[in-house]
Structure formats: C-alpha cells, structure tokens
Amino acid sequence: MAFLRPTRFRLLLVGLCFALAAAEALTRLSIGSDAPSLLSHPSRYGDPLCDDSYWALQNRLASTQTVTTPLTRHPTLGWTLDPATTNVLGGADQPEVWSTTAPRLGLFGDSFVQGTTPVAQRLGVQLQNRHGSVQVLSFAVGGYGLDQTILSLAAHLPDLAGGDAIIGVMLTDIDRCILNFRDAPKPRFSIDNGALVLQLDHMSQQPKPPISMIYSWLKNGALNQVIAALDLKKPDCRQPEKRALTQALIARAARDCTRHNVRCSVLLMPHKEAYQTSPGWRSEVLTLAAKSNGLAVIDMGQRWPKEGLNLNAVYQVDRHPSAVANRVMATAILDHLRP
C-alpha cells in the first residue's frame with residue numbers, strides 16, 4: 001500500500017493532469033493543421049449529422065465551399081440565394097424567365113438540386129430546355145436541410161398556384177433537421193404535442209466548439225477507429241427524432257401544396273454512400289411519409305441504376321450529381337409530369 005502514500009498520489013495526479021492538458025493542447029493545435037486526419041479533421045471531434053460543435057470547427061477553418069453561387073443571410077431560412085443572382089420571380093437567374101404567365105414548375109432542395117456542374121448542365125436548365133411550355137424556377141439552395149426546404153416551399157407556393165413543385169431531398173437532408181447550425185445558423189423545428197414548432201431564438205448566435213477537444217476526440221475519432229477496425233456499423237444518432245421530424249415536415253408540405261393548388265412531388269436522391277445499397281431507414285421513412293400524404297415519389301436510387309449509371313457516373317468528385325445524372329433526373333421528372 002506504499003504506492004498510495006500522499007506524496008506519490010499527488011505526483012500521480014499532477015502527472016495525469018499534465019498529460020490531459022498536453023493532449024488537450026495537441027488536439028486544439030491539430031485542427032486544420034498538417035497533422036494526420038485522425039487529429040486534424042473536424043469529423044474526429046463531432047458528427048456532422050448530429051453535432052453543432054462539428055460545424056463550429058468546420059466554419060472556423062473557412063474551407064472551400066462546394067457551391068459557388070453567392071448566398072446571403074436570411075432571418076427565417078438561415079441563408080438564401082443572393083438577390084443579385086435571382087430573377088424577377090425569385091428563383092435562380094438560370095434558367096432565365098421567358099414568361100410570367102406560363103404554368104410554373106418550382107424546384108426545391110439543397111445543392112443536389114441547385115447543382116454544382118457548369119450552369120448549362122444543371123437540373124433546372126435541362127428541364128427548361130426540354131419542357132418549353134412551362135416556366136422552370138429553381139429555388140434550391142446549397143446546404144439546406146429538409147426543414148429549410150419545406151420553409152422555402154411554403155414561401156414560394158403562392159407564386160406556383162396551379163403549377164407543380166418538386167421537393168428534392170438528398171437523404172441526409174433528414175439529418176440536418178436536428179442541427180441548429182450548419183454553414184450558418186439555421187432554423188429548427190421541434191415537435192410539441194404532435195405539432196411542429198419553429199425555433200428561431202438561436203439564429204443570432206454562433207455554434208460553440210466542444211468544451212473538451214480530447215474528450216470529443218475520444219468519443220468520435222478514437223471510437224470510430226475502433227468501430228471501423230472491428231468492421232462494425234456506427235448507429236445513426238437520434239434516429240427517432242429524425243423520423244418524427246421527417247413525417248411531420250412532409251405532412252406540412254402536403255397540406256401547404258393542397259392549400260395553394262400546387263401538385264407537389266418528392267424527388268428522392270441517395271447520397272454517395274447510399275447508392276446501390278438496400279433501402280435504409282431514411283429512404284423508407286421519406287417514401288412512407290410522402291405516399292401517406294398523397295405525394296408521389298420519384299426515386300433516383302432506382303432510376304439511376306435503371307439507366308445503367310454506376311457510382312462514378314452519378315457522382316462528381318465533389319460528391320454531387322454529374323451532368324449525366326442531372327439529365328436522367330430531368331427525364332425522370334418529365335416522365336412523371338407528362339401523364
């Protein structure tokens with residue numbers, strides 16, 4: 001028991017504190033540095049589909065944005081297209097407005113719908129070129145979650161009365177619904193007694209990084225390495241909450257579409273990791289929510305393989321749909337609308 005004598009115990013405690021302090025300093029200095037990605041990447045300290053703290057670190061690095069279209073802050077949506085890049089009807093400046101009286105087709109969603117290809121190859125422009133009797137308007141904005149997409153839809157539905165709307169959902173847009181922050185502060189819904197409640201109080205704040213970087217690294221970086229080494233699958237966080245929000249948001253969208261006499265459909269787009277895999281819970285809950293509320297589903301997880309597109313043909317290096325994937329999406333939407 002001599003080992004536990006006060007002097008040795010104090011030395012042990014001091015040594016432990018020094019080691020923790022050194023580890024904390026190391027992880028803080030490693031973020032965004034040339035250190036191995038196990039220490040330097042924000043995903044080692046937080047889950048981008050679950051933790052606001054991840055986005056606090058990511059935004060601090062000022063990383064290159066995938067979507068080059070300028071954005072501007074918005075009090076309700078979080079951010080939206082810069083007015084300098086929009087047309088007279090509020091959509092993106094491409095496709096151009098050729099008629100203010102023709103029937104309208106509105107596109108909603110995130111950067112999968114907005115597009116990251118050259119402008120002429122983007123979904124909205126390809127649709128306009130092949131659907132000349134209808135004015136196509138793209139309201140999609142990079143980085144949006146399903147919640148922001150549904151809010152944007154509600155704002156623009158009055159201008160689409162009697163026309164159509166495509167609600168584009170890249171599957172992990174569902175996960176973004178539980179975040180308060182992403183590229184900037186964003187709106188968030190909660191469910192109170194079965195009703196959606198919009199939360200905006202946090203919109204003037206900024207996300208806070210983890211209190212302890214070493215604890216966050218142990219919880220995320222180290223644990224993920226162990227899970228990968230054991231060939232296990234990490235469970236998706238807060239799945240029941242994400243399911244409930246998806247169902248409530250799609251139900252709200254269906255009600256809004258009916259109220260404004262707009263035929264709305266859901267365009268389901270798998271992210272790269274979900275392509276050509278068995279349908280997961282995100283695909284299942286989105287499809288069920290849409291169909292139970294009378295919304296048709298255009299499932300690109302089925303359509304792209306049907307057209308013979310493999311993984312590399314569908315996704316560009318930036319993990320967004322390629323020009324050919326956009327062309328197939330345009331065809332799928334037109335096949336859906338024409339009957």
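Values reported hereafter were calculated over all heavy atoms of this structure, with side chains retained and with hydrogens, waters and symmetry mates removed.
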Give a yes or no on whether the backbone of [Y] and the side-chain of [X] come within a donor-acceptor separation of less than 3.5 Å.
X    : Y    : value
N293 : L295 : no
D110 : G142 : no
D256 : A154 : no
K242 : C237 : yes
S111 : Q114 : no
Q148 : G145 : yes
S216 : G46  : no
N59  : R182 : yes
W304 : Q276 : no
R104 : D159 : yes

I need the minimum non-hydrogen distance between [X] and [Y], along with the two atoms involved.
X    : Y    : result
P321 : Q316 : O-NE2, 3.4 Å
C257 : L157 : N-CD1, 3.8 Å
P103 : S133 : CD-O, 3.8 Å
M203 : P75  : CE-O, 3.4 Å
V262 : G162 : CG2-N, 4.4 Å
L200 : T76  : CD2-O, 3.9 Å

Measuring from atom [atom1] of [X] to atom [atom2] of [Y], what distance do you get when rounded to the nearest 0.5 angstrom?
X    : Y    : atom1 : atom2 : value
L105 : L334 : CG    : CG    : 8.5 Å
H271 : D173 : NE2   : CG    : 10.5 Å
C177 : R188 : SG    : CZ    : 9.5 Å
R303 : D335 : CZ    : CG    : 4.5 Å
L146 : L249 : CG    : CG    : 5.0 Å
R122 : N326 : CZ    : CG    : 9.0 Å

Would L151 and F189 count as a side chain to side chain contact (heavy atoms under 4.5 Å, CB included) here? Give the steps.
CA-CA 10 Å; L151 285 171; F189 284 95; 3.7 Å; yes

Quick one, [X] and [Y] - any side-chain contact, counting heavy atoms below 4.5 Å?
X    : Y    : answer
Q94  : S138 : no
N87  : E96  : no
I166 : M329 : no
S283 : L268 : yes
P185 : Q205 : no
Y54  : P207 : no
D51  : Y45  : no
Q58  : P48  : no

Single-linkage hydrophobic cluster [X]~[Y], side-chain heavy atoms < 4.5 angstrom:
X    : Y    : value
L245 : W281 : yes
F139 : I250 : yes
W79  : L81  : yes
I178 : L198 : yes
L179 : M170 : no

Please assess I167 against C264 for the test side chain to side chain contact (heavy atoms under 4.5 Å, CB included), listing each intermediate value before the final yes or no.
CA-CA 7 Å; I167 306 169; C264 292; 4.2 Å; yes

Parallel, tilted or perpendicular, as decided by the 30° and 60° cut-offs, for the rings of H156 and F108
tilted

N220 and R44: CA distance, side-chain angles, deciding distance, side chain to side chain contact (heavy atoms under 4.5 Å, CB included) verdict
CA-CA 5 Å; N220 293 279; R44 305 305 185 183; 5.8 Å; no

State whether the number of non-hydrogen atoms from other residues, nucleotides or ligands found under 6.0 Å of Y275 atom OH is greater than 12.
yes

Is the count of non-hydrogen atoms from other residues, nucleotides or ligands lying under 6.0 Å from K291 atom NZ greater than 12?
no

Salt bridge check: are D147 and R176 linked by an N-O gap of less than 4.0 Å?
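Judged by the 4.0 Å cut-off on N to carboxylate O distance, D147 and R176 do not form a salt bridge.
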
Can D236 and R282 be counted as an ion pair, charged N to O under 4.0 angstrom?
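Answer for the salt bridge query: yes.
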
Audit row: T331, R130, side-chain hydrogen bond (donor to acceptor under 3.5 Å, both in side chains) steps and yes/no:
CA-CA 9 Å; T331 301; R130 298 165 59 187; 2.7 Å; yes

Is it the case that the side chains of Q247 and R243 hold a donor-acceptor pair, with the cut-off being a distance below 3.5 Å and no angle test?
no

Exercise: do S190 and Q199 side chains pair donor with acceptor under 3.5 Å:
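Indeed, the side chains of S190 and Q199 share at least one donor-acceptor pair under 3.5 Å.
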
Run S152 and V141 through side chain to side chain contact (heavy atoms under 4.5 Å, CB included) and show every step you take.
CA-CA 9 Å; S152 178; V141 179; 5.9 Å; no

